[in-house]
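Shown next, in structure tokens, is the structure this report addresses.
Within every chain, numbering begins at 1; the chains are lettered A, B, ... in the order of the sequence lines, protein sequences first and strands thereafter.
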There are 2 protein chains.
Amino acid sequence: MRIVKEAEERRNEILDAADQLFGQKGFDGTSTNDILEKVGIARGTLYYHFKSKEDIMDALIERYNVLLIGAAQEAAADKSISVYERIMRVVMALNISGNSSHEIMEHIHKPQNALMHQKIQKVIIGGVPPILADLIREGIEQGLFHTPFPFECMEMVVIYLNTIFDQDMVDMTDEGRLSRLQAFAFNIERLLGVENGSLMEMMQMFGSGEGDSQV
Amino acid sequence: MRIVKEAEERRNEILDAADQLFGQKGFDGTSTNDILEKVGIARGTLYYHFKSKEDIMDALIERYNVLLIGAAQEAAADKSISVYERIMRVVMALNISGNSSHEIMEHIHKPQNALMHQKIQKVIIGGVPPILADLIREGIEQGLFHTPFPFECMEMVVIYLNTIFDQDMVDMTDEGRLSRLQAFAFNIERLLGVENGSLMEMMQMFGSGEGDSQV
DNA sequence: TTTTACCGACAGGCAGTCGGTCTATAACAA
DNA sequence: TTGTTATAGACCGACTGCCTGTCGGTAAAA
């Protein structure tokens with residue numbers, strides 16, 4: 001039985017299936033046969049739409065990156081709200097795990113998907129710090145922050161968050177998480193040259209939404 | 001022709017071969033047959049000494065980690081020299097690429113070896129910050145630094161270095177590298193609560209050895 | 001009739017297994 | 001001391017099953 005669909009529709013079916021399977025079993029643990037069966041197509045069809053298995057992963061990452069960076073930019077662009085809140089929203093945009101449509105984040109952070117993780121990290125590290133740096137510069141003009149290196153500060157913050165929420169946080173007690181968060185806030189305050197405690201206040205303003213922000 | 005050797009000798013032969021091959025072609029790009037041929041043994045022999053291909057990688061990483069953390073601890077323990085210099089030496093210990101025996105670092109930082117990279121990073125992030133944090137505490141007692149969170153500061157520094165020297169530095173101009181280094185030094189100064197410029201001086205004391213420190 | 005999407009048999013290569021073989025050493029007998 | 005046998009550790013290579021990617025051909029749509 002042969003079912004014909006538009007190329008883009010098929011492509012997305014394949015990507016959706018791969019998304020789920022990679023999440024469950026990892027990239028290496030998922031065979032192209034798994035994807036074939038899940039979508040209900042033949043081998044040739046898969047390779048008609050994608051040139052290799054890795055090509056599927058790249059497309060998946062691309063789809064995800066557009067979402068991620070787009071959300072971050074959108075959050076940063078909304079000039080109707082304060083710089084503080086925009087920063088928080090950008091950071092929270094990195095955590096789409098709460099989002100209904102995609103649970104990529106859940107499974108990205110496991111050793112099975114090392115390559116996928118690395119590729120996404122590259123985009124985050126390349127894309128997010130510039131957005132945050134612009135916000136920091138705006139904050140500097142308003143006298144909120146004081147640093148000659150807004151970009152490098154944000155780069156450090158993003159990299160740290162991105163790494164730390166990966167490995168350590170997973171197997172940590174709540175108290176451990178909290179004290180680490182306090183230390184983190186303190187360090188950011190120093191980096192941004194703001195007086196002690198003002199950032200901690202800000203973070204509490206937005207509730208505990210931060211505790212589980214996974215980048 | 002059958003050549004019999006002691007188990008550990010064979011194991012090391014296999015590891016040496018795998019080390020080179022993984023470096024040249026990456027983990028995925030290297031087949032067990034490649035290793036077999038290079039060592040000059042049969043399939044069964046390989047699986048007599050290692051239970052899987054990944055097991056070989058793990059042994060390789062273990063061998064490397066012992067070296068790395070050992071060197072870092074040794075550098076930190078030498079109480080005859082100043083805290084400043086010991087810190088520098090620990091950081092430089094992470095850069096064994098200059099070392100004659102091992103060039104692992106060169107090839108670890110490429111996408112082919114994502115999993116290997118991730119595993120080593122985990123050890124570095126787990127092992128190095130505690131060592132540095134102790135040094136910072138010593139420095140605090142001497143009035144050199146001022147921070148309530150020495151561990152978290154060092155964690156941030158190590159993670160940042162480890163990540164940044166990976167991806168970005170590779171395709172950067174010398175000027176770009178320098179300005180990034182200045183920003184980095186400035187940020188560390190803020191984290192450690194020392195007055196502006198003292199760290200930069202320290203780094204220059206030890207020459208340009210830092211510019212190419214790859215973690 | 002041409003283009004687009006699809007099919008499935010096939011080739012080549014891969015990791016890991018398994019029954020069997022060799023050899024160094026030890027233990028024992030002459 | 002010398003010769004013999006037993007044993008365990010090291011080694012071998014054919015084989016299995018799976019996996020990715022290819023290719024000639026086919027059906028449906030335009």
Side-chain angles (χ1 to χ4, degrees), chain A residues 1-63 111-116 119, chain B residues 1-62 111-116 118-119:
Chain A
M1 42 174 170
R2 167 178 291 219
I3 301 169
V4 179
K5 301 190 177 182
E6 290 219 342
E8 202 180 315
E9 190 181 350
R10 256 294 130 75
R11 251 185 88 91
N12 276 322
E13 281 181 17
I14 295 171
L15 287 178
D16 290 338
D19 188 359
Q20 287 185 35
L21 288 168
F22 290 170
Q24 290 163 19
K25 317 204 282 182
F27 179 76
D28 288 336
T30 301
S31 73
T32 48
N33 279 322
D34 292 336
I35 302 175
L36 261 40
E37 284 171 25
K38 182 146 196 163
V39 183
I41 54 174
R43 270 202 97 54
T45 309
L46 184 80
Y47 283 89
Y48 174 77
H49 292 283
F50 296 93
K51 76 176 213 293
S52 71
K53 192 183 168 191
E54 187 163 355
D55 191 35
I56 298 177
M57 183 177 69
D58 288 338
L60 218 45
I61 291 175
E62 176 60 24
R63 205 169 73 162
Q112 301 162 318
N113 295 337
L115 183 56
M116 195 163 177
K119 287 187 175 182
Chain B
M1 43 175 169
R2 166 179 292 222
I3 302 169
V4 179
K5 302 190 176 181
E6 289 220 342
E8 203 180 314
E9 190 181 349
R10 255 295 129 76
R11 250 185 90 91
N12 276 322
E13 280 182 17
I14 295 171
L15 287 178
D16 289 339
D19 188 358
Q20 286 186 35
L21 289 168
F22 290 170
Q24 289 163 19
K25 317 203 282 182
F27 178 76
D28 288 335
T30 301
S31 74
T32 49
N33 280 321
D34 292 336
I35 303 175
L36 261 40
E37 283 170 26
K38 182 147 194 162
V39 183
I41 54 173
R43 265 198 104 51
T45 309
L46 185 80
Y47 284 91
Y48 174 77
H49 292 283
F50 295 93
K51 77 175 213 292
S52 70
K53 193 183 166 191
E54 186 164 355
D55 191 33
I56 297 176
M57 183 178 68
D58 288 339
L60 218 44
I61 292 176
E62 177 60 24
Q112 299 161 320
N113 296 337
L115 183 55
M116 196 164 177
Q118 202 177 70
K119 287 187 174 180

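Listed here is the closest heavy atom pair of Leu15(B) and Ala59(B): CD2-CB, 3.8 Å. Smallest separation of non-hydrogen atoms from Ile35(A) and Ala17(A): CG2-CB, 4.5 Å.
The existence of a salt bridge linking Arg10(A) and Glu13(A) is confirmed by a sub-4.0 Å separation between a basic side-chain nitrogen and an acidic carboxylate oxygen.
In this structure, the CD1 atom of Ile35(A) is 18 Å from the C1' atom of dC7(C), given to the nearest Å. Summarising the geometry, the separation between CD on Glu13(A) and C1' on dC6(C) is reported as 13 Å, rounded to the nearest angstrom. Remark: C1' of dC18(C) and CG of Leu46(B) are 15 Å apart, rounded to the nearest angstrom. Summarising the geometry, the separation between NZ on Lys53(B) and P on dG16(C) is reported as 8 Å, rounded to the nearest angstrom. Between Glu6(A) atom CD and dA28(D) atom P the separation is 17 Å, expressed in whole Å. Rounded to whole Å, atom P of dG16(C) lies 9 Å from atom CD of Glu54(B). The distance between atom CD of Glu37(B) and atom C1' of dG13(C), rounded to the nearest whole Å, is 13 Å. Atom pair Arg43(A):CZ and dA11(C):C1' shows a separation of 12 Å (rounding to whole Å applied).
The shortest distance between the side-chain N/O atoms of Arg10(A) and the OP1/OP2 oxygens of dA5(C) is not below 4.0 Å. Considering only side-chain N and O atoms, Tyr47(B) lies under 4.0 angstrom from the phosphate OP1 or OP2 of dG16(C). Side-chain N/O atoms of Thr32(A) include none lying less than 4.0 angstrom from OP1 or OP2 on dC19(D). Close to dG9(D), at under 4.0 Å from its OP1 or OP2, lies no side-chain N or O of His49(B). A close approach under 4.0 Å does occur between a side-chain nitrogen or oxygen of Thr45(A) and OP1 or OP2 of dC7(C). Note on Tyr48(B): every side-chain N or O is 4.0 Å or more away from OP1 and OP2 of dC11(D).
With hydrogens and angles ignored, a donor-acceptor pair closer than 3.5 Å exists between the side chain of Arg2(B) and the base of dT21(C).
Within the 3.5 Å criterion, the main-chain N or O of Lys51(A) finds a donor-acceptor partner in the side chain of Asp55(A).
More than 12 heavy atoms of other shown residues, nucleotides or ligands fall within 6.0 angstrom of atom CD in Glu9(A).
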